[in-house]
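Everything on this sheet refers to the single structure shown next.
Predicted model, so just to flag it, every value in this text is computed and none were measured. Heavy atoms only: backbone and side chains are in, while hydrogens, waters and symmetry mates are out. All ligand and atom numbering here is 1-based and tracks the order in the structure.
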Amino acid sequence: MSSSDIDSILIEDRQFEPPAAFAAAARVDEKALAALHRAAQKDHTGFWAALAQTELDWETPFTQTLDDSHPPHYRWFHDGRLNVSWNCLDRHLTMDGDKTAILFEGEKGDTRRLTYAELHRETCRFANVLKQLGVVKGDRVIIYMPMVPEAVIAMQACARIGAIHSVVFGGFSANALKDRIEDAGAKVVVTADGGHRAGKIIALKAAADSAIEHSAVKPEHVVVLKRTGEAIPMHAGRDLWWHDAVAGVSDDCEPVWVEAEHPLYILYTSGSTGKPKGIQHSSAGYLLGTVTTMKWVFDLRPDDIFWCTADVGWVTGHSYVAYGPLAAGGTVVMYEGAPTVPDAGRFWAICQRHGVTVFYTAPTAIRALMKFGDEIPARYDLSRLRLLGTVGEPINPEAWMWYHRVIGKERCPIVDTWWQTETGVHMIAPIPGAVATKPGSCTIPLPGIDADIVDEHGNPVTQSDKGGYLVIKKPWPSMLRTVWGDDQRYLDTYWSKFDNRYYVAGDSARRDEDGYYWIMGRIDDVLNVSGHRLGTMEVESALVAHHRVAEAAVVGRPDAIKGEGIFAYVVLKGERPTLGSEQKLTEELRAWVAEQIGAIAKPDEIRYSDNLPKTRSGKIMRRLLRTIARGEEITQDTSTLENEGILGQLRGKE
Ligand code: WTA
């Protein structure tokens with residue numbers, strides 16, 4: 001056993017009860033949680049129906065909670081009608097329109113505060129602009145923006161008129177944007193002249209222009225927010241400035257009431273093929289999930305200042321920046337830039353400046369900031385923090401303990417939240433005033449979420465600590481509805497494995513003797529790089545699109561900061577590069593992948609060989625490639641390898 005194995009066993013024994021003061025004031029304490037679980041077990045649909053009635057405002061109440069007549073397609077509250085933006089904005093105006101909705105901070109230090117009344121007005125105005133541009137219910141709008149309030153305004157404006165948005169992360173390349181414009185069939189693109197990130201300007205408009213130029217689908221209009229003031233070309237007739245467009249429009253925009261199942265958005269995520277899939281979410285069920293988890297898991301109270309550091313380009317930024325905090329009537333912080341500008345104290349400075357009480361980020365950020373030592377956070381007043389959260393990947397106990405000790409001062413519970421783009425909201429997570437935590441475990445499923453771990457045949461794994469497939473056995477309101485334009489892929493990816501009985505998450509997990517879940521990792525060819533999903537096939541297709549590459553195989557390897565790093569094996573057309581030319585080619589290929597997908601997909605290392613290790617039936621031996629990428633000794637049987645002589649090259653030894 002290696003020392004790290006021993007470490008993890010020692011650490012796994014630690015358990016942290018909810019702090020008494022926290023539990024005493026929490027929305028949900030142990031007793032309340034037990035009652036919620038009981039209610040959900042007794043009547044799964046009745047449980048959700050009651051929440052949908054109390055937590056959402058309906059224009060037309062629903063009469064049927066769940067339509068499960070066509071599994072695995074489920075409809076929730078389908079004969080009810082509501083509007084998501086009404087639920088996020090209008091309904092809070094009567095309570096307190098002066099309440100702060102968004103606290104924004106730009107990378108350069110500029111700040112802005114938007115009250116609910118202001119956010120409502122800006123949303124209505126932008127919704128009117130979209131209407132003027134001919135956008136109607138069901139049309140798709142691509143949002144390719146920096147992390148500024150207008151990104152949320154654009155999302156809310158779409159929701160207000162029943163348009164379906166698809167937010168594309170600003171770090172994705174023109175080529176990735178083009179694929180999404182085409183797949184979604186976008187009518188309008190909303191972007192900016194640029195955004196500030198890590199001291200640089202991200203040229204969003206230039207990427208949007210190039211994407212549209214190469215796209216088979218031509219959006220009719222591009223609305224451009226002025227953020228950086230950089231000079232950019234505007235295409236007459238197609239492009240218009242945000243500030244010009246909103247100048248003359250009305251502050252009022254009657255919401256378009258939509259059916260509960262009307263798609264709120266499409267968000268593309270990586271899977272095991274080269275093509276990202278458009279995860280389609282509903283309006284009512286999705287929104288219900290965001291509100292309930294804001295209250296249960298984040299224990300959100302009226303005076304909380306909630307900061308989720310995710311970009312709106314990811315699902316976390318959808319559920320816990322753009323929708324959840326607003327639907328729950330909270331105050332949400334948005335930060336435009338990188339965590340290390342001007343230095344590694346930026347997150348803590350923001351927490352101090354805005355009085356953040358609930359802070360939610362990714363393990364990769366925690367690990368990166370932990371590296372700079374305890375002195376940096378010690379310079380800031382973090383006393384208002386009361387709850388911390390993590391998402392995106394398993395958190396290693398060492399980072400958990402640092403977060404607990406140095407940021408939370410051993411006072412704040414940590415909620416490790418397991419969920420996915422597909423699940424919409426938290427699924428397995430501690431309710432902080434009720435569930436004891438263990439570093440590295442996302443603890444137990446939330447009320448109304450019927451999770452389990454099953455074996456290859458779909459039978460529950462009852463033995464503790466034995467791994468299996470993580471599945472969800474009953475539909476839940478915020479679940480994905482389909483893959484946009486490709487329902488077959490929805491069925492194949494998530495349901496076919498166990499004959500449509502269970503939703504298959506694509507993760508493996510184990511349960512300890514207390515019934516706590518420990519996520520072990522993906523079972524498909526999806527990497528988790530800095531908490532972001534990336535298909536190995538996507539990177540491979542990008543590599544082979546380069547004129548010099550014949551074949552490529554991409555695997556993950558553990559990375560101390562990013563969780564997983566990208567290791568690519570490349571076979572060139574023609575000769576392997578000489579030692580002298582190798583580095584230049586590697587830089588060229590890395591830049592090429594960034595251009596095809598985005599900077600997050602750049603391989604950390606590229607190794608060239610004359611061939612890839614294949615079995616006689618022609619299958620690439622990925623496990624072997626993973627072993628080599630980790631620099632571990634090869635223990636697996638290589639006798640089925642067609643060309644054993646290749647091993648030296650793959651190990652970089654020849
Ligand atoms: C992983 C992000 C362990 C998991 C919300 C999942 C996690 C994928 C956790 C979804 C966690 C997310 N512990 N692993 N707390 N949260 N994951 O779609 O592999 O970007 O399937 O959604 O991230 O990534 P996605």
Side-chain angles (χ1 to χ4, degrees), residues 167 169 171-172 265-272 276-281 286 289-290 293 297 308-321 323-324 360-367 388-397 399-400 403 414-430 435 437-446 449 451 453 467 469-472 478-480 483 493-494 503-511 516-536 538 556 562-564 598 600-601:
V167 183
F169 173 53
F172 277 133
Y265 67 82
I266 306 165
L267 182 61
Y268 288 85
T269 190
S270 298
S272 20
K277 47 197 175 196
I279 302 302
Q280 180 183 318
H281 277 290
Y286 172 77
T290 67
T293 51
V297 181
C308 160
T309 65
D311 191 282
V312 288
W314 310 107
V315 74
T316 308
H318 282 61
S319 303
Y320 300 110
V321 179
Y323 291 112
Y360 188 41
T361 196
T364 184
I366 299 168
R367 286 192 299 265
L388 303 173
T390 72
V391 57
E393 54 179 314
I395 180 163
N396 47 315
W400 197 102
Y403 201 29
I414 297 179
V415 289
D416 175 347
T417 60
W418 177 84
W419 59 295
Q420 311 175 291
T421 304
E422 293 86 341
T423 68
V425 303
H426 304 157
M427 301 292 279
I428 308 181
V435 177
T437 54
K438 302 183 188 187
S441 165
C442 52
T443 75
I444 56 171
L446 292 175
I449 300 302
I453 295 171
Y469 297 88
L470 180 56
V471 297
I472 314 293
S478 69
M479 65 195 295
L480 79 164
V483 172
T493 311
Y494 304 107
Y503 166 81
V504 183
D507 281 343
S508 60
R510 65 185 168 85
R511 235 176 339 219
Y516 275 44
Y517 284 69
W518 298 78
I519 306 297
M520 295 160 70
R522 300 286 309 187
I523 46 178
D524 51 12
D525 291 319
V526 172
L527 305 179
N528 193 325
V529 181
S530 302
H532 301 315
R533 273 163 72 169
L534 205 57
T536 52
E538 264 175 275
K562 297 197 284 186
E564 257 184 309
I600 54 164

D525 backbone acceptor or donor facing T536 side chain under 3.5 Å: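 Yes: the side chain of T536 pairs with the backbone of D525.
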For [X], take its heavy atoms, then give the atoms of ligand 1 lying under 4.0 Å from any of them.
{"X": "N528", "result": "1 (C), 23 (O)"}
{"X": "V315", "result": "5 (C), 22 (O)"}
{"X": "V391", "result": "5 (C)"}
{"X": "D416", "result": "11 (C), 13 (N), 15 (N)"}
{"X": "T417", "result": "9 (C), 11 (C), 15 (N), 16 (N)"}
{"X": "T316", "result": "5 (C)"}

Nearest non-hydrogen protein atom, [atom]:
{"atom": "atom 18 (O) of ligand 1", "answer": "T421 OG1, 2.6 Å"}
{"atom": "atom 5 (C) of ligand 1", "answer": "W419 CE2, 3.4 Å"}
{"atom": "atom 3 (C) of ligand 1", "answer": "P394 N, 3.1 Å"}

Pair T417, Y360: side-chain N/O donor-acceptor within cut-off below 3.5 Å: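 The answer is yes; a qualifying pair exists.
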No-hydrogen, no-angle side-chain donor-acceptor test under 3.5 Å, Y503 and T423: no
Plane angle bin for H281 and Y286 - parallel if under 30°, tilted between 30 and 60°, otherwise perpendicular: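 Rings of Y286 and H281: tilted, 30 to 60°.
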Salt bridge present between E422 and R533 (N-O < 4.0 angstrom): yes
Short N-O contact, R367 and E393, less than 4.0 angstrom: yes
May I ask you to check whether [X] has an N/O atom sitting below 3.5 Å from an N/O atom of ligand 1?
{"X": "E422", "value": "no"}
{"X": "D507", "value": "yes"}
{"X": "R533", "value": "yes"}

For W314, the option from F172, W419, Y268 that meets ring pair (Phe, Tyr, Trp, His ring centres under 6.0 Å):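 Result for ring pair (Phe, Tyr, Trp, His ring centres under 6.0 Å) with W314: F172.
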Spatial distance of atom OG (S441) from atom CH2 (W400) [nearest 0.5 Å]: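 Those atoms lie 10.0 Å apart.
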Ligand 1 versus H532: contacting region, heavy-atom distance under 4.0 Å: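 The answer is neither.
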Residues I444, V435; criterion side-chain contact (heavy atoms from CB on, under 4.5 Å); working and verdict: CA-CA 8 Å; I444 56 171; V435 177; 4.0 Å; yes
Shortest non-hydrogen contact from I472 toward A451: CD1-CB, 3.9 Å
Winner among G392, A505, S270, G440 once heavy atoms are compared against atom 17 (N) of ligand 1: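 Looking at heavy atoms only, the winner is G392.
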Whether W418 lies under 4.0 Å from ligand 1, heavy atom: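 Within the 4.0 Å threshold, so yes.
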